[in-house]
Amino acid sequence: MERILIAGAGARGSVFGGFLRAAGYEVTLLGRRTHLEAIERQGLRIDGIWGQHHVGGFSCCTEAAQLRPGFDLVLVTVKSYDTAAMASAIAPYLAPAGHAISLQNGLGNVEALERILGAPRVLGGRVIFGATLTAPGCARVTVYADPVLLGAWTPGLHPARDAAARRWAAAFARCGIPAEYTEALRAALWAKVFYNAALNPLGALLGVHYGALAENRETRAVMDAVIQEAFAVAAAEAVELPWAEAAQFRALFYEKLVPSTRDHRASMLQDLERGRRTEIDAINGAIWQRGAARGISTPVNEVLTRLVRFREGRRCEA
């Protein structure tokens, strides 16, 4: 059976690891000591909208130096600001024919992995389900909007990589995690950024769930502007989106995506509540900086980035 490493066994990584382990894969979790010690004592408990699961038999490591080489698959689920460091840490342990999949929020993660691990070994995933850790050793799936999409940043260049994306998408689906292969990963990740950029910072700053933002005229106007700016930047980067204009995405956003995740509290809000750094730089900050590089003004995304950085207690640099 193929060996799988969860590089960042927080809430999302634990859900992926739990379902894969329950299906019989050899799974190693790399994460925080308190969470992993609880899993070693009592197994991993997953509950929520995907049912009740109790899974054991993991290998658990708190440092990369504890790993054994030869992983066939590495799922990278750390925060975006830790991507490069994690890629360097796990590089010696990825099998020569193995693949790493970014299952993260924001822009730039796939490219960061490719720079360190090599493009033929790197895939990306678009994830729109929510999970949280309710206690050490316990994860809950809270909301679900659409299947996980797996693919390559530039499909067609490396056939073995494309084949791996198809194979792992099918494997995830068999394990109980809805997943599909896509040849439009770049567009899918940008669409996820539209979603996150509109909801996460406002939810974090105002302390409300997603549904409350969509139901209020004032916050809805801000989200409309965030999406409009992001859409302009994506178009400038020649991303082949399935929508001709931002209004078409906003219709999907308000009619399907937000209702499916109405009660979710943004991970960015949870990070602020715990005094942790957020992923604002890879989401609204990435829109702002990429827009600036192309001469596109994105004032709403800039302001949201600066406000969240203020809440983090970080100095904001242009």
Side-chain angles (χ1 to χ4, degrees), residues 6-16 31 74-87 100-114 122-133 139 141-151 153 177 179 182 185-205 209-210 213 223 226-227 230 233-234 239 249 253 257-258 260-261 264-274 276-290 301 304-305 308-309 311-312 314:
I6 308 298
R12 178 179 296 177
S14 294
V15 171
F16 275 98
V74 177
L75 302 185
V76 180
T77 52
V78 293
K79 297 289 189 179
S80 56
Y81 48 78
D82 285 331
T83 301
M86 180 58 78
I101 305 178
S102 167
L103 297 173
Q104 302 162 275
N105 292 330
L107 298 171
N109 294 301
V110 175
E111 301 96 313
L113 292 178
E114 287 187 344
V122 174
L123 296 162
R126 192 285 315 264
V127 180
I128 307 187
F129 72 78
T132 187
L133 293 181
V141 182
T142 54
V143 291
Y144 165 77
D146 226 12
V148 174
L149 296 179
L150 297 185
W153 190 249
I177 299 172
T182 181
L185 177 71
R186 194 171 175 223
L189 292 181
W190 265 97
K192 174 72 182 296
V193 167
F194 298 163
Y195 170 89
N196 283 148
L199 293 164
N200 286 13
L202 282 175
L205 292 167
H209 59 72
Y210 288 173
L213 297 172
M223 293 194 293
V226 167
I227 293 169
V233 176
V239 180
F249 173 80
F253 177 75
L257 298 180
V258 175
S260 297
T261 56
H264 187 62
R265 297 171 79 248
S267 59
M268 195 173 289
L269 170 59
Q270 297 172 51
D271 288 336
L272 289 180
E273 290 174 339
R274 295 167 184 166
R276 296 177 182 170
R277 183 178 176 183
T278 74
E279 294 183 289
I280 192 68
D281 293 329
I283 303 173
N284 302 79
I287 295 166
W288 167 27
Q289 298 299 337
R290 287 171 183 244
N301 282 281
L304 290 173
T305 302
V308 172
R309 285 177 176 175
R311 284 290 307 278
E312 291 176 355
R314 282 199 292 143

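None of the values given here were measured: they were computed from a predicted structure.
- Listed by chain and number, the residues in a side chain to side chain contact (heavy atoms under 4.5 Å, CB included) with A179 are V148, F172 (sequence neighbours excluded).
- The side-chain hydrogen bond (donor to acceptor under 3.5 Å, both in side chains) search around T83 returns Q104, N109, not counting sequence neighbours.
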For side-chain contact (heavy atoms from CB on, under 4.5 Å), just list the numbers for W288 and L304, CA-CA rounded to whole Å, side-chain angles, deciding distance to a tenth of an Å, and then say yes or no. CA-CA 10 Å; W288 167 27; L304 290 173; over 6 Å; no
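- Y144 pairs by the ring-ring contact (aromatic ring centres under 6.0 Å, His included) definition with W50, not counting sequence neighbours.
- Between atom CG of residue L272 and atom CG of residue L205 there is a gap of 7.0 Å, rounded to the nearest 0.5 Å.
- Applying the salt bridge (charged side-chain N to carboxylate O under 4.0 Å, His left out) test to R12 and every residue at least two apart in sequence or in another chain returns nothing.
- To the nearest 0.5 Å, atom OG of residue S267 and atom CG of residue N200 are 5.0 Å apart.
- Checked against side-chain hydrogen bond (donor to acceptor under 3.5 Å, both in side chains), N301 has the following partners two or more places apart in sequence or in another chain: E229, N284.
- Under a 3.5 Å cut-off, the side chain of T77 and the backbone N or O of L103 do not form any donor-acceptor pair.
- With sequence neighbours excluded, the residues that form a side chain to side chain contact (heavy atoms under 4.5 Å, CB included) with D271 are K79, R276, T278.
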Would you please test E279 and N196 for side-chain contact (heavy atoms from CB on, under 4.5 Å) and show each step? CA-CA 10 Å; E279 294 183 289; N196 283 148; over 6 Å; no
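- Across every non-hydrogen atom of L113 and A87, the tightest pair is CD2-CB, 3.6 Å.
- The main-chain N or O of A145 is never found under 3.5 Å from a side-chain atom of S260 such that the two would form a donor-acceptor pair.
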Should E312 and I280 be marked as a side-chain contact (heavy atoms from CB on, under 4.5 Å) after you check the CA-CA gap, both sets of side-chain angles, and the distance that decides it? CA-CA 10 Å; E312 291 176 355; I280 192 68; 4.0 Å; yes
Apply side-chain contact (heavy atoms from CB on, under 4.5 Å) to residues L257 and Y210 and explain how you reach the verdict. CA-CA 10 Å; L257 298 180; Y210 288 173; over 6 Å; no
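- Interatomic distance, CZ of R277 versus CZ of R309, reported as 8.5 Å (0.5 Å rounding).
- Every pair passing salt bridge (Lys or Arg N to Asp or Glu O under 4.0 Å) that includes a residue from residues 100-111 is listed here, sequence neighbours excluded: E111-R290.
- Residues D281 and S80 form no side-chain contact, since every pair of their non-hydrogen atoms from C-beta on lies 4.5 Å or further apart.
- For the atom pair CD1 (I227) and CZ (F253), the distance works out to 4.5 Å, reported to the nearest 0.5 Å.
- H209 pairs by the ring-ring contact (aromatic ring centres under 6.0 Å, His included) definition with nothing, not counting sequence neighbours.
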Below 3.5 Å, can you tabulate the donor-acceptor pairs from side chains in residues 122-130 to any protein atom, sequence neighbours excluded?
unit_1 : atom_1 : unit_2 : atom_2 : d
R126   : NH2    : P147   : O      : 2.7

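- Shown here are the side chain to side chain contact (heavy atoms under 4.5 Å, CB included) partners of A230, two or more places apart in sequence or in another chain: F194, I287.
- If you take CG on L75 and CD1 on I6, they are separated by 4.0 Å, rounding to the nearest 0.5 Å.
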